[in-house]
Novice: 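The structure follows.
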Amino acid sequence: MSKNMTKDKLLLIDGNSVAFRAFFAMYQQLDKFKNAEGLHTNAIYAFKNMLDVVLKQEAPTKVLVAFDAGKVTFRTGMYKEYKGGRDKTPVELSEQLPYIREMLKDLGIKSYELVNYEADDIIGTLAKRGAEAGMEVAVVSGDKDLTQLASDHVTVYVTKSGVTKLEAFTPEHMKEVNGVTPTEFIDMKALMGDPSDNYPGVAKVGPKIASKLIQQYHSVENLYEHVGEMKKSKLKENLIAGKDNALLGKKLATINCDSPVEVTLDDLTYSGPNVDDLRRFYEKMNFRRFLADLAKAGELTEETTEVKKQEYTVLTANNLGEIPDSDHAVFYLAMLGDNYHQAPFAGFALAMGDKTFVSRDVALLKEEKLKTLLEDKKVEKDVFDLKRVTYGLSRLDIQAAGMTFDLLLASYLVDNEKNSNDLGELVKGYDYFDLKSDLEVYGKGKSAKIPEADEVFFNHLAGKIAAIKALKAPLLAKLKDHEQDDLFDTIEMPTAKVLAKMELNGIKAEPAKLKELEDDFGERLKALEEKIYQEAGEKFNINSPKQLGVILFEKLGLPVIKKTKTGYSTSVEVLDQLKEKSPVVSDILEYRQIAKIQSTYVKGLLDVIDPEDGKIHTRYLQTLTATGRLSSVDPNLQNIPTRTEEGKQIRKAFVPSTPDGYIYSCDYSQVELRVLAHVSGDANMQEAFKTGYDIHAHTAMRIFHLNSIDEVTPLERRRAKAVNFGIVYGISDYGLSKNLGISRKQAKEFIAEYFDQYPGIKAYMDQAVKDAREKGYAETIMHRRRYLPDIHAKNFNVRSFAERTAINSPIQGSAADIMKIAMINMQKKLDELGLKTKMVVQVHDELIFDVPKDELETVKKIVPEVMQSAVQLDVPLIADSGYGHDWYDAK
DNA sequence: ATTCTCACG
DNA sequence: ACGTACGTGAGAATA
């Protein structure tokens, strides 16, 4: 251990390359990031983000950002084409560079450049000096040239996809990536050349061959001493012919670690920003986010200026009379944790008239005055996360009513990405900074806790009320502007109320059935395990893809079909192809399947049965998906197995809550294709649905040119079905070929034929992409939006993905809209008829009911009726149903 | 915390 | 030529 307690840590940053990465990382935002004078600021902003990450991660005591001084360097003296032929730096970037330096100055970080040398040489020199002085050195760059500096004391970080993700190059990591040491990497580069720096290297030598050669010879010089001993080959000829290039490449690639850098390590001491200068700079750049951060940091040190001081009255049993009468209220219920089914209560805030009340004591809510108010539908309440509040109050035996505005739902509809469940976090997206996030106030994960200081917690609670008040009007205006008022008032708000009911209902689960399955599967797993160990010749963890990979691809020598970024892929897709080669593969597949069911479903579900009522209460996330679907968590009841018989057994554990009752299930038939037929207006597909044909068979008949549906073979139907699905996802020939195991060419023909037969579909797809490009978003039949900024991306993959999304989202999203309407109508109908039947689960296109014996006939009649009449499309909506004494039998 | 794998519509 | 199907959540291993 060094006796120096605070060991110096030196951080060196390659300013130009990081700025370059920063600029392109936020290139899509180029037009959004402009200050009042029209200066682009995206690179400055991203540069600062990178700095924040690195400063936090490294906590350096000394920092320097090195810049290139100009085009002419000692390297251009050796080779005048060095870095020649490069595209000019875009002006949008170069105009930002002086400001990055200005910001660095305000941040208290030294910038430096040296005539005739590159930033790399400055960094190399200082890294060497730092390491010699016993410091830990961290280098950050946007390209890999600097990785040659990696050593025991120097770690080189290279930005990865964006600027805030960094890949750490240590000597070990260099070895993994390139197979050579950091210094040998120079020799590798010498052989390969560097097209971006515009020097050639040896012909036909790329990373693979260069790595192999250097691993064998360790340096360019040594390689050429032994080149004569090599067997006659094209490579040998190329090496001999390229000798001068290789030697030149080595000179160019080598960083000069003894450059005449005048700054000393002592000059680099980092002691934090000049806050006033920095504030002025952020103001000039219009960086509201950083300004807010600055304000926050100020509070932490000064403690005198809190976020924003809120006015509030602490409510007790004795001053309830101070609550003014009003027909309008804002209410917030605080619980610690996401899972409001069990999260402990922390307090509440209530605004009536112009007064705001707060308390830690939720028992107060049960007091006559407050309970009445909360249950009075004539008192309109604004809340954040209606479903959470409803469920929470219900735990206190309060049946909330009159909630007419949920800020979370409104925000989600306006922009589905502005959906944080943390109010403080969400409002930052609307430039509202007077409320801290729960994360900041309570902390994270296990250590999260409600502040003990009343002034902190109550101010936070009152701040929530203020935030809801402040953002209600602008959000309502946006909803109106988007023509989403109907979606909000008649679909999303009522859906939240229905979901709260469903969550409270829960579905009854039979632990005995699950235990029985647990034993069965346990035995099967044990037997399979033994068998697999035998076949493999050793024991290993079958659940570990890494260990399994070693067994299959190294020990047994099976062909590697696919790799993941960390090793061999052992997915079903791969194993399916290896089944014939070794009997162990089938056993592994079977083991995997059973193990999945055992751990996720059998054990997982046993853990979440409520001991109080024997039911499973999932939570539906209403503001999560990009398309408007729900999702289900803790546990997820939307992915209960159905595709294999073993898996299906799980469904036998889901039972009615009444003796001799039924589980009744009703699902839409082909909703998404019906929606597609509707929105596209394609006459042929509409005709098929109107006539009541089997849609996949009908598609098969058309694309394979058969005379009647009766001629369709099962294979043809299967293929047509896959095409129909593909269409909904924004088809590609590659995807279809992979799915069907046919050639890409054949897949292409299927698609062409499909578009020929359903010309309206093709037109829809083109139009969907065009609309998204023009409007910037895709939209459902009920005006639900999904913004698609990537539709303008330059990168083909990114753009293509956005285009497929533009096709898929209106379809998936409209189907989700329809289901929500059906659920609302359904709950209304159940209430009207005073039935005891409960809606308990939704699985996207399917609803599950818990039905008492004597209500079955009624349910059989009304459920399909309500679902089929949810909306009026140009094609009929059909719902199929089934029932039984458990979910398994309800098909 | 991230990656892989696999369950569902 | 690019490298993909659309939308989710959870458990186990590994880092």
Side-chain angles (χ1 to χ4, degrees), chain A residues 165 168 416 444-445 540-549 562-575 588-589 591-605 607-608 618-621 624-644 646-648 650-651 667-673 676 722-740 744 747 751 778 786 793-813 815-816 819 841-846:
Chain A
K165 289 236 170 88
N416 60 316
K444 194 170 150 156
F540 65 101
N541 186 348
I542 309 167
N543 290 317
S544 160
K546 198 174 163 191
Q547 293 181 37
L548 180 61
K562 211 174 110 189
K563 294 195 114 192
T564 67
K565 53 184 153 184
T566 53
Y568 311 110
S569 170
T570 65
S571 64
V572 200
E573 200 190 327
V574 171
L575 296 193
I588 289 167
L589 280 168
Y591 177 92
R592 276 248 183 99
Q593 201 223 321
I594 309 284
K596 167 88 179 180
I597 296 164
Q598 181 78 314
S599 66
T600 305
Y601 299 102
V602 179
K603 295 191 173 164
L605 290 173
D607 281 346
V608 291
T618 184
R619 274 155 52 228
Y620 292 101
L621 305 186
L624 181 133
T625 69
T627 54
R629 274 190 177 185
L630 303 176
S631 87
S632 156
V633 291
D634 294 338
N636 182 357
L637 290 185
Q638 292 182 320
N639 70 346
I640 302 301
T642 180
R643 289 170 196 174
T644 66
E646 286 94 339
K648 264 196 217 168
I650 298 290
R651 295 182 172 230
D667 70 297
Y668 280 119
S669 156
Q670 314 292 351
V671 239
E672 294 194 347
L673 279 178
L676 176 62
V723 182
N724 275 327
F725 270 98
I727 292 289
V728 170
Y729 297 149
I731 203 155
S732 74
D733 50 8
Y734 179 87
L736 182 65
S737 73
K738 213 171 70 166
N739 190 298
L740 280 176
R744 210 166 148 163
I751 295 167
R786 176 173 185 180
K794 289 223 175 74
N795 181 300
F796 175 87
N797 288 324
V798 174
R799 189 177 62 247
S800 301
F801 184 70
E803 288 170 358
R804 291 197 294 274
T805 311
I807 293 165
N808 175 265
S809 291
I811 301 173
Q812 196 184 111
M819 181 50 113
V841 178
Q842 186 251 43
V843 193
H844 310 305
D845 62 359
E846 173 186 17

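Worth knowing before you read on, the calculation uses all heavy atoms, side chains too, and leaves out hydrogens, waters and symmetry mates. Numbered from 1 within each chain, the chains take letters A, B, ... in sequence-line order.
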Novice: What's the separation between atom NZ in Lys562(A) and atom OH in Tyr568(A), rounded to the nearest 0.5 Å?
Specialist: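 Answer rounded to 0.5 Å: 16.0 Å.
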Novice: Checking contacts here: which listed nucleotide (dT5(B), dC6(C), dA7(B)) is nearest the side-chain heavy atoms of Tyr601(A)?
Specialist: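 Taking heavy atoms from C-beta onward, the closest nucleotide is dA7(B).
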Novice: Over all strands shown, is Glu846(A) touching base, sugar-phosphate only, or nothing at heavy-atom distances under 4.0 angstrom?
Specialist: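 No contact at all - Glu846(A) keeps every heavy atom at 4.0 Å or more from the nucleic acid.
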Novice: Is any NZ, NE, NH1 or NH2 atom of the basic residue among Glu672(A) and Arg629(A) found under 4.0 Å from an Asp or Glu carboxylate oxygen of the other?
Specialist: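 Yes, Glu672(A) and Arg629(A) are salt-bridged.
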Novice: Select base, sugar-phosphate, or nothing to describe what Leu630(A) touches, counting heavy atoms under 4.0 Å on all strands.
Specialist: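 Here Leu630(A) touches no strand at all.
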Novice: Would you indicate what Asn639(A) reaches in the nucleic acid, counting non-hydrogen atoms under 4.0 angstrom: base, sugar-phosphate, or nothing?
Specialist: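 Asn639(A): base contact, heavy atoms under 4.0 Å.
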Novice: Has Arg643(A) got a side-chain N or O lying under 4.0 Å from the OP1 or OP2 atom of dG9(B)?
Specialist: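 True: Arg643(A) side-chain N/O within range (under 4.0 Å) of dG9(B) OP1/OP2.
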Novice: For the side chain of His844(A), starting at C-beta, report the closest nucleotide among dC4(B), dG9(B), dA10(C).
Specialist: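 The listed nucleotide nearest to His844(A)'s side chain is dG9(B).
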Novice: Between dG11(C), dA13(C), dT5(B), which nucleotide gets closest to the side-chain atoms of Ser599(A)?
Specialist: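 Selected nucleotide: dG11(C).
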Novice: What nucleotide among dG3(C), dG11(C), dA13(C) has an atom nearest to a side-chain atom of Arg744(A)?
Specialist: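 Looking only at side-chain atoms, Arg744(A) lies closest to dG3(C).
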Novice: For the backbone of Asn541(A) and the side chain of Gln547(A), can you confirm whether one donor and one acceptor N or O come within less than 3.5 Å of each other?
Specialist: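 Yes.
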Novice: Tyr734(A) stacking on dT4(C): centroids under 5.5 Å, ring planes under 30°?
Specialist: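 Yes, Tyr734(A) stacks on the base of dT4(C), since the ring centres sit under 5.5 Å apart and the planes are within 30°.
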Novice: Can you tell me if Asn808(A) uses its side chain to pair, donor with acceptor, with the backbone of Val728(A) under 3.5 Å?
Specialist: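 Checking the backbone N and O of Val728(A) against the side chain of Asn808(A), a donor-acceptor pair under 3.5 Å is found.
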Novice: Is the phosphate of dA5(C), meaning OP1 or OP2, less than 4.0 Å from a side-chain N or O of Lys738(A)?
Specialist: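 Result: yes.
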Novice: Phe725(A) near the nucleic acid: base, sugar-phosphate alone, or nothing, with a heavy-atom cut-off under 4.0 Å?
Specialist: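 Phe725(A): no heavy atom of the nucleic acid under 4.0 Å.
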Novice: Less than 4.0 angstrom between a side-chain N/O of Thr566(A) and OP1 or OP2 of dC4(B), yes or no?
Specialist: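 Checking Thr566(A) against dC4(B): at least one side-chain N or O falls below 4.0 Å of OP1 or OP2.
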Novice: How far does the P atom of dT5(B) sit from the matching atom of dT4(C), given to the nearest Å?
Specialist: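 Straight-line distance between the two P atoms is 15 Å.
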Novice: With distance as the sole test, does Ser632(A) use its side chain to make a donor-acceptor pair with the main-chain N or O of Pro635(A) at under 3.5 Å?
Specialist: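 Yes, because the side chain of Ser632(A) sits within donor-acceptor range (under 3.5 Å) of the backbone of Pro635(A).
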Novice: With sugar-phosphate meaning primed atoms plus P, OP1 and OP2, does Ala595(A) contact a base, only sugar-phosphate, or nothing at under 4.0 Å between heavy atoms?
Specialist: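 Since no nucleic acid heavy atom lies under 4.0 Å of Ala595(A), the category is nothing.
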Novice: Which part of the nucleic acid does Ile640(A) contact within heavy-atom distance under 4.0 Å: base, sugar-phosphate only, or nothing?
Specialist: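 Sugar-phosphate, backbone atoms only, no base.
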Novice: When we call it a touch if two heavy atoms are under 4.0 Å apart, what does Asn739(A) touch: a base, just sugar-phosphate, or nothing?
Specialist: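 Base, at least one base heavy atom under 4.0 Å.
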Novice: Heavy atoms only, 4.0 Å cut-off, all strands: where does Ser809(A) land among base, sugar-phosphate and nothing?
Specialist: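 Nothing, no heavy atom under 4.0 Å.
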Novice: Using a 4.0 Å heavy-atom cut-off, does Leu624(A) contact any base of the nucleic acid, only the sugar-phosphate backbone, or nothing at all?
Specialist: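 Here Leu624(A) touches the backbone only, sparing every base.
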Novice: Answer yes or no: side-chain N or O of Gln812(A) and base N or O of dC6(C) forming a donor-acceptor pair under 3.5 Å.
Specialist: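 For Gln812(A), whose side chain was compared with the base of dC6(C), there is a donor-acceptor pair (under 3.5 Å).
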Novice: Tell me which nucleotide, if any, is Watson-Crick or G-U wobble paired with dT5(B) when both distances must be under 3.5 Å.
Specialist: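 By the stated definition (distances under 3.5 Å), dA10(C) pairs with dT5(B).
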Novice: Ignoring backbone atoms, establish whether Arg786(A) has a side-chain N or O less than 4.0 Å from OP1 or OP2 of dG7(C).
Specialist: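 Yes, within the criterion.
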Novice: When rounded to the nearest Å, what value does the distance between C1' atoms of dC8(B) and dG3(C) take?
Specialist: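 Rounded to whole Å, the distance is 26 Å.
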Novice: Closest approach to the side chain of Ser544(A), judged atom by atom: which nucleotide of dG9(C), dC6(C), dA13(C) is it?
Specialist: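 The listed nucleotide nearest to Ser544(A)'s side chain is dA13(C).
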Novice: With sugar-phosphate meaning primed atoms plus P, OP1 and OP2, does Ala778(A) contact a base, only sugar-phosphate, or nothing at under 4.0 Å between heavy atoms?
Specialist: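 Here Ala778(A) touches no strand at all.
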Novice: When the distance from CD1 of Ile588(A) to P of dC6(B) is rounded to whole Å, what number comes out?
Specialist: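 It is 11 Å, rounded to the nearest whole Å.
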Novice: Any donor-acceptor pair under 3.5 Å between the side chain of Arg804(A) and the base of dT4(C)?
Specialist: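 Indeed, a donor on one side and an acceptor on the other fall under 3.5 Å apart.
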Novice: Please report the distance separating the P of dA5(C) from the corresponding atom of dC4(B), rounded so that it comes out in whole Å.
Specialist: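 To the nearest whole Å, 14 Å.
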Novice: Examine distances only and state if a side-chain atom of Tyr601(A) and a backbone atom of Asn639(A) form a donor-acceptor pair shorter than 3.5 Å.
Specialist: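 Yes; at least one donor-acceptor contact below 3.5 Å.
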Novice: Assuming nearest nucleotide by heavy-atom distance, tell me which of Ser631(A) and Leu736(A) is located more 5' along DNA chain C.
Specialist: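 The 5'-side residue here is Leu736(A).
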Novice: At what distance, to the nearest 0.5 angstrom, does CZ of Phe725(A) lie from CD1 of Ile727(A)?
Specialist: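 It is 12.5 Å, given to the nearest 0.5 Å.
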Novice: What nucleic acid atoms does Val728(A) come within less than 4.0 Å of, heavy atoms only: base, sugar-phosphate, or nothing?
Specialist: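 Nothing, no heavy atom under 4.0 Å.
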Novice: Which listed nucleotide (dC4(B), dA12(C), dG3(C)) is nearest to the side chain of Asn797(A)?
Specialist: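 When the side chain of Asn797(A) is considered, dG3(C) is the closest of dC4(B), dA12(C), dG3(C).
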Novice: For a quick check, tell me whether the side chain of Ser732(A) and the base of dT4(C) share a donor-acceptor pair closer than 3.5 Å.
Specialist: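 Yes, a donor-acceptor pair under 3.5 Å.
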Novice: For a quick test of reading the model: is some side-chain N or O of Ser569(A) closer than 4.0 Å to OP1 or OP2 of dT5(B)?
Specialist: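 Looking at the OP1 and OP2 atoms of dT5(B), one of them is under 4.0 Å from a side-chain N or O of Ser569(A).
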Novice: Check whether any side-chain N or O of Arg804(A) sits under 3.5 Å from a backbone N or O of Ile731(A) as a donor-acceptor pair, and report yes or no.
Specialist: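 Absent.
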Novice: Counting only side-chain heavy atoms from C-beta out, which of dA12(C), dT5(B), dG3(C) sits nearest to Phe796(A)?
Specialist: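 The answer is dG3(C).
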Novice: Side-chain N or O of Asn541(A) less than 4.0 angstrom from OP1 or OP2 on dA13(C)?
Specialist: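 Yes, such a contact exists.
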Novice: Quick one: label Gly726(A) by what it contacts on the DNA or RNA (base, sugar-phosphate, nothing), any heavy atom closer than 4.0 Å.
Specialist: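 Base, at least one base atom sits under 4.0 Å.
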Novice: Which nucleotide wins on minimum distance to the side chain of Lys444(A), given the candidates dG9(B), dA1(B), dA10(C)?
Specialist: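 Looking only at side-chain atoms, Lys444(A) lies closest to dA1(B).
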Novice: For Lys648(A) and dC6(B), give me the distance from atom NZ to atom P, rounded to whole Å.
Specialist: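 That distance rounds to 20 Å.
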Novice: Of the nucleotides dA7(B), dT3(B), dG7(C), which has the atom closest to the Lys565(A) side chain?
Specialist: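 Among the listed nucleotides, the one closest to the side chain of Lys565(A) is dT3(B).
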